[in-house]
Student: 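My questions all concern the structure below.
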Amino acid sequence: MPDSHPPINILLRGKSGVHMKSLTMGNDGLPTLTPTPDEALGTPVPGDMTEFCADGSAVAIVTSVPSRSVRVVDVDTGKVRWTVEGRNIQALSFSPKGTFLLTWERLVAGGAPQEGNCTAATTSKESNGSGEAATVKGNLLVWRAEDGKLLAGFTQKAFRKPDWPTLQWIPDESLCFRGTTTEIQVYPGHDIGAGAIKKFSVPGGGMGSIRLSPNAAAPHRVACFFPEVKGKPASVRIYQYPEFGVALTSKSFFKAQEAHLRWSPNGQAVLIHTHTDVDTSGVSYYGSTGLYLLHADGSYEVTVPLPKEGPVSDAQWAPAGPVQFVVLAGRMPAAATLYNIKAESIFEFGQAHRNTVSFSPHGRFVVLAGFGNLAGEMDFWDRNKQKLMGRNTSHCSVGYGWSPCGRYFMTATLAPRMNVDNAVKLFKYDGDGPLHKAGFEDATLFEACFRPAAPGVFPDRPATPLRKGRKECESGSATATPVTPSPKPKAVYRPPGSTGALAAMLRAEREAVAGPRKVVNGRSNVSGSGYAALGGSPYIPGLAPLANAGSKSAVKKKARKEKKKAADAVAKALADAEAERAKEEATAAAALRTAAAEDPVKRKKALQKKLKQIDELKARAAGGEALNEDQQQKLASENDLREQVAKMAI
């Protein structure tokens, strides 16, 4: 990166503590991780949990050993702004501008003031636990990030990571929203301790969580989720500040005990990813999922038409650029699809063993990966051009993330998922790599993440033009592998006694999986096999894609045809495998006959065997038995056979 841009850092949290490393270019032109100066977290410090503010200027570190504490550190200088001792903090979150730090800790009996002393770098009486701060009660606390002054406290019994943070500021921090089971509370963003300026009682109560729209300009909207209770369907309602009286829009659905609410970057629509712990149909052990799209103004609502039947593994909005989102859905191999803001599919990435969608900060590049319990395969796509740039694999990866410049992608093998071979790998935006691998053989690595940067610090750069000597992917884009002569194909290994039928069936199944293709008005522009749900047919938004737009009998007829076609494909594969096996057996028999003909001893034994058969035929003929034409020909060849035996004796 040019010198005008700030350095790119990676925060590492291991058994030795929390420390920072810089991403620099080596003499070979490849990135490498080098230690940062000691004053900028170059030396490991104790830590069990970390959280960056949005622009990366400060980091909060929670420590449990040797004493429970939380401290805020200035990343550039390494200076500790303030420290609070005696806190058993379980979750952290900064406000959008990094002005406030929100913490949650387990509730003590009675909701009494939490014990602990604050020591700030700039000492002040009101921030050291005395005065007004001593009257603050609760386990959900708001701190001033600059000096550690305790501003407000709330009581929150339960904690769910998908619902965190439960206090949400608008981008300029002038307002702060909080949801309870019965009401929405609005506070002045810079003086939360002054109390709520507006409260709205939600009709019916039973609210599970809220999510504030991310748009900076008004109007500000709040999406509220109400879980399914006692046969009553779940629902999502959207309210607008300050007119909370009537919901702008709402949507009800069943099979939704939990929901992840994901707003589009412009605040115009929200994705509702629902989940239940138990699948009543018995199809899945992991419960059932659903995906819905709801526009904030109430003009549009739809059940997102999935490309393949099965659970929704991931669904993510692009952070910038055209308002689009990617969904991974279906039983493995899952199908990946790009949708517009009306949930109309515009591009199908194909099917593969993937469960993770990760966009670069500028939204230009996207990685479809199979992390966690999958093999770690990754596909790197250019979303703007809808082209595959490259593929790679990072086995046993749990952590991942994009650099703030959008030019590097990091994967990490972490404990406790893997207590050995902990490492951080760096890949280029097009999948080239790993460009660098930092191993931690002597230590355990728990966390690895890029230090974030404020929007606009790094420019949005397109993919670098392809160099000479690099081959193309199937989609026509570059991979990281130089062109090399293809090796001579080797014979396929087949176990003894195998007919090859199973391998033929697997090949037929793999070839039937659809690849990447564009979609226009619900129709693929490429003929051939496709996703079962779409089938190249138009669909009605909000309804499941139709197999055929005709009558029920036409639908059944098409289903029978497809079933027969699949059966014919399997039968053909079996027939081809059997024909190949018969051909191999015939070749082997011919080889044995040739070898026997070349061996004089075996040849003589074969001739003598034939003469013995002729003697038996002569005895049968003498007894009055009639011989057929083949047997008579064998008798006629007796003299020739005896001459051959005589010659071999000589």
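Numbers here simply count residues along the sequence, with the first being 1.
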Student: What's the separation between atom CD in Gln257 and atom OG1 in Thr276, rounded to the nearest 0.5 Å?
Tutor: 5.5 Å

Student: Would you check if there is a donor-acceptor pair between the side chains of Thr464 and Arg407 at a distance under 3.5 Å?
Tutor: yes

Student: Got a donor-acceptor contact below 3.5 angstrom from the Thr289 side chain to the Thr274 backbone?
Tutor: no

Student: Within the side chain of Asp379, is there an N or O that forms a donor-acceptor pair under 3.5 Å with the backbone of Arg391?
Tutor: no

Student: Looking at Asp314 and Val357, would you say the former's side chain and the latter's main chain have a donor-acceptor pair under 3.5 Å?
Tutor: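 A pair under 3.5 Å: yes.
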
Student: Under a 3.5 Å distance rule, please check whether Asp382 uses its side chain to pair with a backbone N or O of Gln386 as donor and acceptor.
Tutor: no

Student: Does Arg354 reach the main-chain N or O of Pro333 with its side chain, forming a donor-acceptor pair under 3.5 Å?
Tutor: no

Student: Using a 3.5 Å distance criterion without hydrogens, assess whether the side chain of Tyr339 forms a donor-acceptor pair with backbone atoms of Pro305.
Tutor: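 Pair found, side chain donor or acceptor close to backbone of Pro305.
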
Student: Got a donor-acceptor contact below 3.5 angstrom from the Trp317 side chain to the Arg262 backbone?
Tutor: yes

Student: Less than 6.0 Å separating the ring centroids of Phe409 and Tyr429?
Tutor: no

Student: How long is the span from the CG atom in Leu293 to the NZ atom in Lys251, to the nearest 0.5 Å?
Tutor: 9.5 Å

Student: I need the Thr413 OG1 to Leu445 CG distance, nearest 0.5 Å.
Tutor: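 Spacing of OG1 (Thr413) from CG (Leu445) equals 9.0 Å.
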
Student: State the CG-CG distance between Asp576 and Leu574, to the nearest 0.5 angstrom.
Tutor: 9.0 Å

Student: For this output row, return yes or no: ring centroids of Phe349 and Trp381 closer than 6.0 angstrom.
Tutor: yes

Student: Tell me if a side-chain donor or acceptor on His395 pairs with a main-chain N or O of Ala375 at a distance below 3.5 Å.
Tutor: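 Yes: the side chain of His395 pairs with the backbone of Ala375.
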
Student: Can you measure from CG (Asp432) to CG (Leu426) and round to the nearest 0.5 angstrom?
Tutor: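 Reported to 0.5 Å precision, the distance equals 12.0 Å.
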
Student: Looking at NZ of Lys609 and CD1 of Ile614, how far apart are the two atoms once the value is rounded to the nearest 0.5 Å?
Tutor: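 With rounding to 0.5 Å, NZ (Lys609) is 13.5 Å from CD1 (Ile614).
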
Student: Parallel, tilted or perpendicular: which fits the ring planes of Tyr292 and Phe253, with parallel below 30° and perpendicular above 60°?
Tutor: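 Taking Phe253 first and then Tyr292, their aromatic rings lie parallel (interplane angle under 30°).
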
Student: Strictly below 4.0 Å, N to O, side chains only: are Asp568 and Lys564 in salt-bridge contact?
Tutor: yes

Student: For Phe365, does its backbone N or O pair with a side-chain atom of Ser360 as donor and acceptor, under 3.5 Å?
Tutor: yes

Student: So does Tyr408 get a backbone contact from the side chain of Ser403, meaning a donor-acceptor N/O pair under 3.5 Å?
Tutor: yes

